[in-house]
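Let me begin by presenting the structure, written as structure tokens, before commenting on it.
Just so it is clear, the model here is predicted, and its values are computed rather than measured. Counting convention: from 1, in listed order, for ligands and their atoms alike.
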Amino acid sequence: MNGEFVAWEDAKVHVLTHGLHYGTGVFEGIRAYDTAHGTAIFRHGDHLDRLFRSAELYYMPLPYSKEELRSATHELIGRNGLESCYIRPIAFRGYGMMGINPLEAPVDVSIAVWRWGAYLGEEGKEQGITAKVSSWRRISADSLIPHAKACGQYLNSALAKIESLKAGYQEAILLDDLGHVCEGSGENIYLVMDGKIHTPGQTASILDGINRKSIIQIARDLGHEVVERDIARAELYLADEVFMTGTAAELVPVREVDDHPIGGGRPGPITRELQRSFDDALHGRTERYREWLDVVPVASKAA
Ligand SMILES: Cc1ncc(COP(=O)(O)O)c(C=O)c1O
């Protein structure tokens, strides 16, 4: 926290922290995997780039460089002796000023790491999950910044997630103002139709997922056509396969949307193929994607 290593139970903030009241913070969700090269953080540089972009969009100068955050993360993983973990860097407007204007409040930065299993469950990754199209629309660029990963924006995801869970589904799918499919509450979404992979375009109201970029590249490398376009709600129901990607969830098949079974209610062959290749990339089993891995130096691990 702010340049110090702090024990888990001491990682506390004041109740008048600006970000707690107004959502004025930006964060990342990153994973490190146990690979043959050692503990390796998946696309660490890309996640840190997005953190800095999110901060810039909310006029929040970060008091550390990317390299400082990168090496602090290495040391943190080393000190905790973790082979694999979830990594949560967050920068937020801290204690000192109340009122809406965040510009006078300090910017606090912390990084936390912990062991975190499959976000939507191992069974979800294996068998697929059920999803509900939410009555809440995804935040639009008219009011907020869909491409930023900012704390307050997640109230939108939380409402959709709560609605889907209370209705008995595992995940929510949010549409945009025009009714086009956007994404899950914390994942990007893809449909397989006529042997091609379709996903909302980069300029849609989506978070520009790091795993989205990875899966598009992997799919194209495997010879699949990936089409970025507007997707209608009904196409979800009629798709041969649907899946989602995100750092927490990884690649998760969707077996049912609004009680319509997708592809017979089982993960389809393209989803399975991508899931295998993606898993190989995450775990450093594919030389081609080796550059995506930021290996934690052994010195950090001995620290
Ligand atoms: C709203 C939202 N969309 C998409 C994603 C997927 O992004 P990534 O693949 O970078 O984890 C996430 C997860 O961070 C998210 O919170």
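- The aromatic rings of Y289 and W292 lie parallel to each other, their planes meeting at an angle below 30°, with 60° marking the opposite boundary.
- Taken to the nearest 0.5 Å, the NE2 atom of H198 stands 7.5 Å off from the CD1 atom of I231.
- Contact annotation: S185 has at least one heavy atom less than 4.0 Å from an atom of ligand 1.
- Applying the ring pair (Phe, Tyr, Trp, His ring centres under 6.0 Å) rule to H283 yields the partners Y33; only residues at least two apart in sequence or on another chain are considered.
- Residue-ligand proximity, G246 to ligand 1, at heavy-atom distances under 4.0 Å covers atoms 6 (C), 9 (O), 11 (O).
- The residues D208 and R50 are annotated as not salt-bridged, no charged nitrogen and carboxylate oxygen being separated by less than 4.0 angstrom.
- Looking only at protein heavy atoms, the nearest one to atom 11 (O) of ligand 1 is T247 OG1, 2.7 Å.
- Considering backbone and side-chain N/O of I210, one or more are found under 3.5 Å from N/O of ligand 1.
- When atom types are taken as modelled, the side chain of R138 and the backbone of L175 share no donor-acceptor pair closer than 3.5 angstrom.
- When only modelled atom types and interatomic distance are considered, E250 and T245 share no side-chain donor-acceptor pair under 3.5 Å.
- By the criterion of a heavy-atom distance under 4.0 Å, the side chain of K149, and not its backbone, is placed next to ligand 1.
- When the heavy atoms of G29, A248, S157, G209 are ranked by distance to atom 7 (O) of ligand 1, first place goes to G209.
- Put simply, no part of E28 is less than 4.0 Å from ligand 1, judged by heavy atoms.
- Counted by atom type alone, R43 and S214 present one or more donor-acceptor pairs between their side chains at under 3.5 Å.
- For atom 6 (C) of ligand 1, the nearest protein heavy atom (residue, atom name, distance) is N188 OD1, 3.6 Å.
- For ligand 1, one of its N or O atoms has an N or O atom of R50 under 3.5 Å away.
- Nearest protein heavy-atom contact of atom 5 (C) of ligand 1 is G186 O, 3.5 Å.
- Salt-bridge formation is detected for the pair E228/R212: a Lys NZ or Arg NE/NH1/NH2 atom is positioned less than 4.0 Å from an Asp or Glu carboxylate oxygen.
- Note on ring orientation: taking the six-membered ring where Trp is involved, the planes of H44 and H74 are tilted (angle from 30° to 60°).
- Protein heavy atom closest to atom 16 (O) of ligand 1, with residue, atom name and distance, is Y154 OH, 2.4 Å.
- Close approach of ligand 1 to N211 (heavy-atom distance below 4.0 Å) involves ligand atoms 8 (P), 9 (O), 11 (O).
- The nearest heavy-atom contact from the protein to atom 3 (N) of ligand 1 is E183 OE1, 2.9 Å.
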